[in-house]
Amino acid sequence: MKLNGNEIKPGHVLMHQDTLWAAVKVQHVKPGKGGAFAQVEMKNLLDGRKLNERFRATESVERVRLEQKDFQFLYEEGDMLVFMDNETYEQLELQKEFVGERAAFLQDGMTVTVELHEEKPIGISLPTHVTLEIVEADAVVKGQTQSSSYKPAVLENGVRCMVPPFITSGEKIIVDTDTVEYVRRAEK
């Protein structure tokens, strides 16, 4: 789908310089002299590079639609993560580094959304919150104020997280997968 330069919005995925770019910030400029243009800050979806580009209102650029599919996490094999398409039952193998640090939050049977372009994975999103058990939590230091001080804890997946002083080992908590922060105690 072709777009004019003045129709680009943040979040659009564009084909530019024979690769995929996501528009991060867009500023539309109408100078007193000359034609209007859009100043677009873009991020490369394949290697993470950033680029600032100017598109005139009369220029056209190709907008790409990414396909979003749900996959179920099956297992980890070496540095590969194996997922299964929920509709076709075909398996998809992704490098652990493709998922990044959030790979530690993957749990058996977890449903994730994979963004695909021409059947090639471009991005992955995990559920926002996961429930994990605390395997190690420091003791509370007497005299610390209850409201402002958090203490370090280790979750069952090995990730370190700051938790309120009333949380102890063996408790289940809900953690935000994007920020790796404590959200609340899990329901029993």
Side-chain angles (χ1 to χ4, degrees), residues 1 9-24 41-51 62-138 150 152-163 167-188:
M1 180 170 103
K9 292 182 174 42
H12 282 173
V13 177
L14 309 171
M15 181 62 79
H16 182 64
Q17 298 175 347
D18 296 326
T19 188
L20 293 173
W21 299 86
V24 180
E41 184 181 312
M42 302 186 295
K43 183 178 179 191
N44 190 306
L45 291 176
L46 303 176
D47 60 19
R49 285 181 297 145
K50 290 199 173 195
L51 175 71
E62 184 71 30
R63 180 174 177 199
V64 178
R65 292 222 184 259
L66 296 180
E67 180 185 0
Q68 293 190 333
K69 269 185 154 177
D70 285 344
F71 283 82
Q72 185 177 10
F73 175 65
L74 297 179
Y75 57 91
E76 184 179 327
E77 191 176 301
D79 64 343
M80 299 300 282
L81 302 169
V82 182
F83 299 88
M84 179 183 69
D85 187 323
N86 287 345
E87 294 167 15
T88 64
Y89 303 110
E90 289 179 24
Q91 290 189 358
L92 170 71
E93 289 188 2
L94 296 175
Q95 292 277 341
K96 214 185 239 183
E97 63 190 43
F98 179 81
V99 181
E101 295 172 354
R102 297 176 309 154
F105 292 106
L106 288 170
Q107 299 170 340
D108 290 346
M110 178 185 276
T111 301
V112 298
T113 304
V114 178
E115 289 184 318
L116 303 157
H117 176 256
E118 296 174 356
E119 301 297 314
K120 185 178 187 285
I122 298 294
I124 186 167
S125 54
L126 275 58
T128 313
H129 297 120
V130 293
T131 303
L132 293 164
E133 186 177 324
I134 298 210
V135 292
E136 186 184 312
D138 290 356
Y150 274 50
V154 178
L155 304 169
E156 63 184 278
N157 60 358
V159 173
R160 297 184 75 72
C161 176
M162 298 300 282
V163 297
I167 299 291
T168 59
S169 287
E171 283 192 70
K172 288 192 180 264
I173 63 167
I174 295 174
V175 179
D176 186 308
T177 57
D178 291 326
T179 61
V180 192
E181 289 178 354
Y182 167 87
V183 177
R184 65 179 181 277
R185 256 186 189 150
E187 303 292 319
K188 290 189 170 139

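Everything numeric in this text was worked out from a predicted model, so none of it was measured. Along the sequence shown, residues carry numbers from 1.
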Asker: Salt bridge check, E76 against K96: does any charged N sit closer than 4.0 Å to a carboxylate O?
Answerer: yes
Asker: So, for S169 and A137, which heavy atoms are closest and what is the spacing to 0.1 Å?
Answerer: OG-N, 3.3 Å
Asker: When rounded to the nearest 0.5 angstrom, what distance separates CD in E87 from CZ in F71?
Answerer: 9.0 Å
Asker: Of all residues at least two apart in sequence or in a different chain, which pass the side-chain contact (heavy atoms from CB on, under 4.5 Å) check with V82?
Answerer: L74, Y75, Q91, E93
Asker: Minimum heavy-atom separation for E133 and E156, please, with both atom names.
Answerer: N-OE2, 2.6 Å
Asker: Sequence neighbours left out, what passes side-chain contact (heavy atoms from CB on, under 4.5 Å) with A22? Give chain and number order.
Answerer: L45
Asker: In chain order, what residues pass the salt bridge (charged side-chain N to carboxylate O under 4.0 Å, His left out) check against K9, with sequence neighbours excluded?
Answerer: none
Asker: Above 12 or not: heavy atoms from other molecules or residues under 6.0 Å from NZ of K43?
Answerer: no
Asker: Applying side-chain contact (heavy atoms from CB on, under 4.5 Å), name anything that partners R160, two or more places apart in sequence or on another chain.
Answerer: P152, V154
Asker: Enumerate, atom names and distances included, each donor-acceptor pair closer than 3.5 Å involving a side-chain atom of residues 13-21, sequence neighbours excluded.
Answerer:
| residue | atom | partner | partner atom | Å |
| --- | --- | --- | --- | --- |
| H16 | NE2 | E53 | OE1 | 3.3 |
| W21 | NE1 | H16 | O | 2.9 |

Asker: For the residue pair Y89 and M84, establish whether any side-chain heavy-atom pair is separated by less than 4.5 Å.
Answerer: yes
Asker: Considering only heavy atoms from C-beta outward, does the side chain of H129 approach that of D176 to under 4.5 Å?
Answerer: yes
Asker: Going by atom type alone, with no hydrogens or angles, which donor-acceptor pairs under 3.5 Å involve a side-chain atom of residues 104-128 and a protein atom two or more places apart or on another chain?
Answerer:
| residue | atom | partner | partner atom | Å |
| --- | --- | --- | --- | --- |
| Q107 | NE2 | T131 | O | 3.2 |
| T113 | OG1 | D70 | OD1 | 3.1 |
| E115 | OE2 | Q68 | NE2 | 2.9 |

